[in-house]
Amino acid sequence: MSGARTGRGRPPCTSSTSTDTKASCRATAERLFMSAAYCPGRTPWATKTSATKLSSKSTAARSKASPTSPPPSTARPASSTASSSPRTPASSSSMSRAARPRKSASNAITAFPRCANSTAPNSARPFFMSSPVRVRFAPSPTGFLHVGGARTALFNWLHARHTGGTFVLRIEDTDRERHNEEAVRAIYQGLRWLGLDWDEGAEKGGDYGPYYQSERGPIYERYLKILQDKGMIYEDSGALRFRSPRETVTVHDEVCGSIPFDLSNPGTHPDMTVRRPDGSWIFHFVNVVDDIEMKMTHVIRGEDHLSNTPKHVELYQAFGVEPPKFAHLPLILNPDGSKMSKRDTGASVQSYIEQGYAPEAVRNYLCLLGWSPKDNREILPIEEIINIFELKNINRRSAGFDLDKCFWMNGQYLIQMPLERFADLSVPFIDQAGINFGTREALLPALALVKEKVKHLTDVPGWIEFFFNDDYAYDEASVEKALRADGALERLHVLGDRLTRLEPWTAESLESAFKDLATTLGIKTAALVHPVRVATTGRSVGPSLYHLLELLGRDRVLQRLTRTREKFTA
RNA sequence: GGCGCGCUCGUCUAGAGGCCUAGGACACAGCCCUCUCAAGGCUGGUACACGGGUUCGAAUCCCGUGCGCGCUGCCA
């Protein structure tokens, strides 16, 4: 099998010319694309089947074929030679590179062997180098934004931002039936929440619209006609199918390397349907047409599409267009290893919004699913990630979604973010809880005290409520433990007396007062702290007591001590 | 079933033949700090799926096996 995998067995010598080859290729494709009249009998870059095509019964032969099938120049025969000949450092390193899957992948994708025959001038290179990146996120409006989709969008966005390219949002509602305004809004909301702004596309406009597939019917008709005129379409019980050329198609993938797919057997690879009898379109067809029409340079999508990609490549070839670069992302799995789907916890971006996550934390976490800065950093600003993000550093294995770590990261972000940002994120949750905090000026000091304790923004109202509500509830267990202990209420009385005369009213002097009194009474400071905390906040946990008392102010503190003693004395 | 992809602590990952008695992070456990809860600090346990091969040397390259996932639609 290895021998058939051109990316893995690629001899080192080809990589040195691949850039030029690709450049020529790109230039050629551009010209072909411009020329509507171009109608090749056989596309110039189609993988030459005589070299790599295997007989239809070759499935078995292929997997066991390594000793016989590889071309003479691949690494495997070379290694057998090497064992009987002296090795030089040079041959050693070049050989290992040829055999290294991940690294050879990034070299291999730039090689389109058939392009070597094209007549494009070598000067095409600068043209290719300057070709601006265009990527897209193309979700189907299912009613919500899935974290897997969000991660796909994120990686497209990162690639666009890293390269200075264009990020396009296209809605794949293949037909009117599938078009759902509300479902589409959920996608917009999720993307915007994550800060993934798109430069072009739905709700934004651009030169390649419309950006809803449901509105692109005439374009699909036009492309269908092209294939019909070439005799590549036939009718099957009212549906239209694309007649596969039945060749081996090699997919060049930035992440997965070069993978040959033998499509010669109609039994295992039936001709794909492109349009249903009712006139609606099939995903594979419109997806490719749109990517051509919208001039996408990279298709970055979930790995679940990897096996579909050779079909797509067939379409590109049928249209006489060079395929974009592909990058298939590993899937996101549930903790148990199953594929994350709609109903799973944490599957919807909406759930993170509702549970009080900071978008930058979720986005950072998502970046780490399948990509790594490789230097042990984990929490890093998005600007830095944009700076160092490379498709080739995406790994191939699926990643389990670790809600615990996402949770932890959220806490880290909340602690580290500026108070103003924290307030902006918190206010909706505070409002929702019905807490009337008055002015923002009054709110900020309270938030400052609890900020480092908050793990979810949904916790904020509970942490700060007692600041803004004198009629706070008492937690029964805390009362039992702290206030019903022997002498607790007495101590509150004595302390209240002290605090009446305390000057100045600051956290520092409060702390001194508590400690002095504790010494005087011959008790631990904690025997004062706990009852006071419960008395003034109703709870046994909270921010620093002294700071909390300072913020509350003398009058309210004394009122609360009195109120508490009266309530629980009886 | 066929085809494809993958497999390093429970989880996310670092790892490009010697730097690896495998590093970091989350989670977990213990200790420290401490007015509570957190945060923070320190310490600890836990991993190269298995078997062959290549090599002086393999987590790393090759082959096989196993397991997981994906695709195999007139879903996207």
Side-chain angles (χ1 to χ4, degrees), chain A residues 1-2 59 62-64 66-67 75-76 79-80 82-83 87 92 95-103 138-142 172-174 178 236-241 251 256 259 261-263 265 267-270 272-278 280 282-284 286-287 302-310 328 330-331 333 335 337-339 365 368-379 395-409 411-412 415 450 452-455 478 482 511 514-515 524-530 532-534 539-546:
Chain A
M1 179 201 282
S2 69
T59 324
R62 199 169 143 217
S63 58
K64 320 261 189 281
S66 50
R76 188 171 177 88
S79 76
S80 62
S83 62
R87 290 177 62 175
S92 156
M95 224 178 62
S96 62
R97 172 174 305 173
R100 203 186 302 141
R102 295 194 186 211
K103 295 309 135 182
S140 175
T142 54
E172 302 222 330
D173 51 348
T174 48
R178 209 174 278 279
D236 175 18
S237 302
L240 298 184
R241 286 185 187 273
V251 172
C256 302
I259 308 165
F261 289 86
D262 177 5
L263 305 185
N265 183 353
T268 55
H269 296 88
M272 74 180 117
T273 306
V274 297
R275 203 174 71 175
R276 301 186 188 86
D278 69 358
S280 60
I282 300 297
F283 157 76
H284 303 293
V286 295
N287 182 269
E303 195 190 275
D304 46 345
H305 288 298
L306 182 58
S307 297
N308 290 326
T309 305
H328 285 93
L331 266 21
L333 271 24
S338 61
K339 184 182 176 185
Y365 178 73
L368 264 27
L369 250 27
W371 176 87
S372 151
K374 299 191 184 299
D375 56 9
N376 287 341
R377 284 183 298 172
E378 298 207 306
I379 294 182
N395 40 190
R396 295 206 228 173
R397 58 179 299 205
S398 302
F401 195 94
D402 186 352
L403 209 47
D404 277 339
K405 187 154 184 175
C406 189
F407 176 76
W408 166 80
M409 192 167 277
Q412 292 296 306
I415 286 174
V450 304
E452 65 186 26
K453 302 190 177 300
V454 174
K455 292 302 206 58
S478 303
E511 182 168 359
F514 272 65
K515 287 182 173 167
K524 289 182 177 175
T525 311
L528 287 172
V529 166
H530 296 317
V532 172
R533 180 184 296 284
V534 177
R539 310 170 51 161
S540 57
V541 297
S544 161
L545 181 70
Y546 309 120

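Predicted model only: the values in this text are computed from it and were never measured. Each chain gets a letter, A, B and so on, in the order the sequences are listed, and its residues count up from 1.
For A/Lys405, the side chain to side chain donor-acceptor pair (under 3.5 Å) test picks out A/Glu378, with sequence neighbours left out. Checked against side chain to side chain donor-acceptor pair (under 3.5 Å), A/Asp173 has the following partners two or more places apart in sequence or in another chain: A/His179, A/Ser214. Under the side chain to side chain donor-acceptor pair (under 3.5 Å) criterion, A/Ser478 pairs with A/Asp475, A/Ser540, not counting sequence neighbours. Partners of A/His284 by side chain to side chain contact (heavy atoms under 4.5 Å, CB included), not counting sequence neighbours, listed by chain and number: A/Met272, A/Ile282, A/Asn308, A/Lys311, A/His312.
Atom CG of A/Asp173 is separated from atom P of B/C75 by 16 Å (rounded to the nearest Å). Here the C1' atom of nucleotide B/U11 and the CG atom of A/Leu368 are 12 Å apart, to the nearest Å. Note: CG (A/Asn287) to P (B/A76) measures 10 Å, nearest angstrom. Residue A/Met272 contributes atom CE, which lies 14 Å from atom P of B/C75 at whole-angstrom precision. Straight-line distance from the CG atom of A/Leu369 to the C1' atom of B/C26: 13 Å, rounded to whole Å. Atom CD1 in A/Ile379 sits about 13 Å away from atom P in B/A39, given to the nearest Å. For the pair A/Leu240 CG and B/G73 P, the computed distance is 18 Å after rounding to whole Å. Summarising the geometry, the separation between CZ on A/Phe261 and P on B/G4 is reported as 7 Å, rounded to the nearest angstrom.
Figure legend. B/U46 is base-paired to no nucleotide; pairs are counted as Watson-Crick or G-U wobble with both atom distances under 3.5 Å. Both distances falling under 3.5 Å, in either a Watson-Crick or a G-U wobble arrangement, occur for no nucleotide opposite B/C75. Using the Watson-Crick or G-U wobble rule with both distances under 3.5 Å, B/G4 pairs with B/C69. For B/U11, the paired nucleotide is B/A25, the pair qualifying as Watson-Crick or G-U wobble because both relevant distances are below 3.5 Å. The partner of B/C61 is B/G53, by the rule that a Watson-Crick or G-U pair needs both atom distances under 3.5 Å. The partner of B/A39, taking Watson-Crick or G-U wobble pairs whose two distances both stay under 3.5 Å, does not exist in any strand shown.
Each of B/C37, B/C35, B/U13 was ranked by its minimum atom distance to the side chain of A/Lys515; first place goes to B/C35. Taking only side-chain atoms of A/Glu452, from C-beta outward, the nucleotide of B/C3, B/A38, B/U36 with the closest atom is B/A38. Of the candidate nucleotides B/A14, B/A76, B/A38, B/A14 has the atom nearest to the side chain of A/Ser372. Of the listed nucleotides (B/A76, B/C12, B/A38), B/A38 has the atom at the smallest distance from the side chain of A/Lys455. Nearest nucleotide to the side chain of A/His530, out of B/A76, B/C35, B/C74: B/C35.
One finds a salt bridge joining A/Asp375 and A/Arg377 here, because a Lys/Arg side-chain nitrogen approaches an Asp/Glu carboxylate oxygen to under 4.0 Å.
Of all the heavy atoms in A/Gly400 and A/Tyr365, the pair that sits closest is O-OH, 4.1 Å.
The separation of B/A29 from B/G68, taken at their C1' atoms, amounts to 31 Å, rounded to a whole angstrom. For B/G40 and B/G57, the C1' atoms lie 43 Å apart once the distance is rounded to whole Å. Atom P of B/C63 sits at a distance of 33 Å from the matching atom of B/U46, rounded to the whole Å. Separation of the P atoms belonging to B/A59 and B/U43 is 27 Å when rounded to the nearest angstrom. Taking atom P in both B/G66 and B/C20, one finds a spacing of 35 Å when rounded to whole Å. To the nearest whole angstrom, the two C1' atoms, one in B/A16 and one in B/A58, are 13 Å apart. Separating the P atom of B/G44 from that of B/G2 is a span of 49 Å, rounded to the nearest Å. One C1' atom belongs to B/A22, the other to B/A14, and the distance between them is 10 Å to the nearest Å.
Between the base of B/C7 and the side chain of A/Arg397 there is no donor-acceptor pair shorter than 3.5 Å.
Side-chain N or O atoms of A/Arg533 include one that pairs as donor or acceptor with a backbone N or O of A/Pro543 at under 3.5 Å. Proximity of a side-chain donor or acceptor of A/Asn395 to a complementary backbone N or O of A/Arg397 within less than 3.5 Å is not detected.
Residue contacts for A/Ala239: at a heavy-atom cut-off of 4.0 Å it reaches a base atom on one of the strands shown. Using a 4.0 Å heavy-atom cutoff across all strands shown, A/Gly238 reaches no nucleic acid atom at all. Within 4.0 Å (heavy atoms only), A/Lys453 reaches at least one base atom of the nucleic acid. Nucleic acid contact for A/Asp236: base, since at least one base atom lies under 4.0 Å from a heavy atom of the residue. Residue contacts for A/Thr174: at a heavy-atom cut-off of 4.0 Å it reaches the sugar-phosphate backbone alone, with no base atom in range. A/Tyr546 comes within 4.0 angstrom of a nucleotide base, judged by non-hydrogen atoms across all strands. Within 4.0 Å of A/Leu528, counting heavy atoms only, lies no atom of the nucleic acid at all. Using a 4.0 Å heavy-atom criterion, one finds that A/Ser237 contacts the bases of the nucleic acid, with or without backbone contacts as well. If you check every strand for non-hydrogen atoms under 4.0 Å, A/Gly400 touches sugar and phosphate atoms only. At the heavy-atom level, A/Pro330 lies nowhere under 4.0 Å from the strands shown.
Map A/Ser544 and A/Ser140 each onto its nearest nucleotide of RNA chain B; the residue landing nearer the 5' end is A/Ser544. Both A/Ala138 and A/Val454 sit near RNA chain B, but only A/Val454 has its closest nucleotide nearer the 5' end.
A heavy-atom distance below 4.5 Å is not found between the side chains of A/Trp408 and A/Asp402. By the 4.5 Å heavy-atom criterion applied to side chains, A/Leu368 and A/Met409 are counted as neighbours.
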Nucleotide-resolved protein contact map, nucleotides 67-72 of chain B, B/S/- at heavy-atom distance under 4.0 Å:
--SBSS
N/O contacts under 3.5 Å, protein versus nucleotides 18-25 of chain B?
residue : atom : partner  : partner atom : Å
B/G23   : N2   : A/Asn376 : OD1          : 3.2
B/G24   : O4'  : A/Asn376 : ND2          : 3.4
B/G24   : N2   : A/Glu378 : OE2          : 3.2
B/A25   : O4'  : A/Glu378 : OE1          : 3.4
B/A25   : O2'  : A/Glu378 : OE1          : 2.4
B/A25   : O2'  : A/Lys405 : NZ           : 3.3
B/A25   : N3   : A/Lys405 : NZ           : 3.1

Could you walk me through whether A/Ile259 and A/Leu306 pass the side-chain contact (heavy atoms from CB on, under 4.5 Å) test, one step at a time?
CA-CA 10 Å; A/Ile259 308 165; A/Leu306 182 58; 4.0 Å; yes
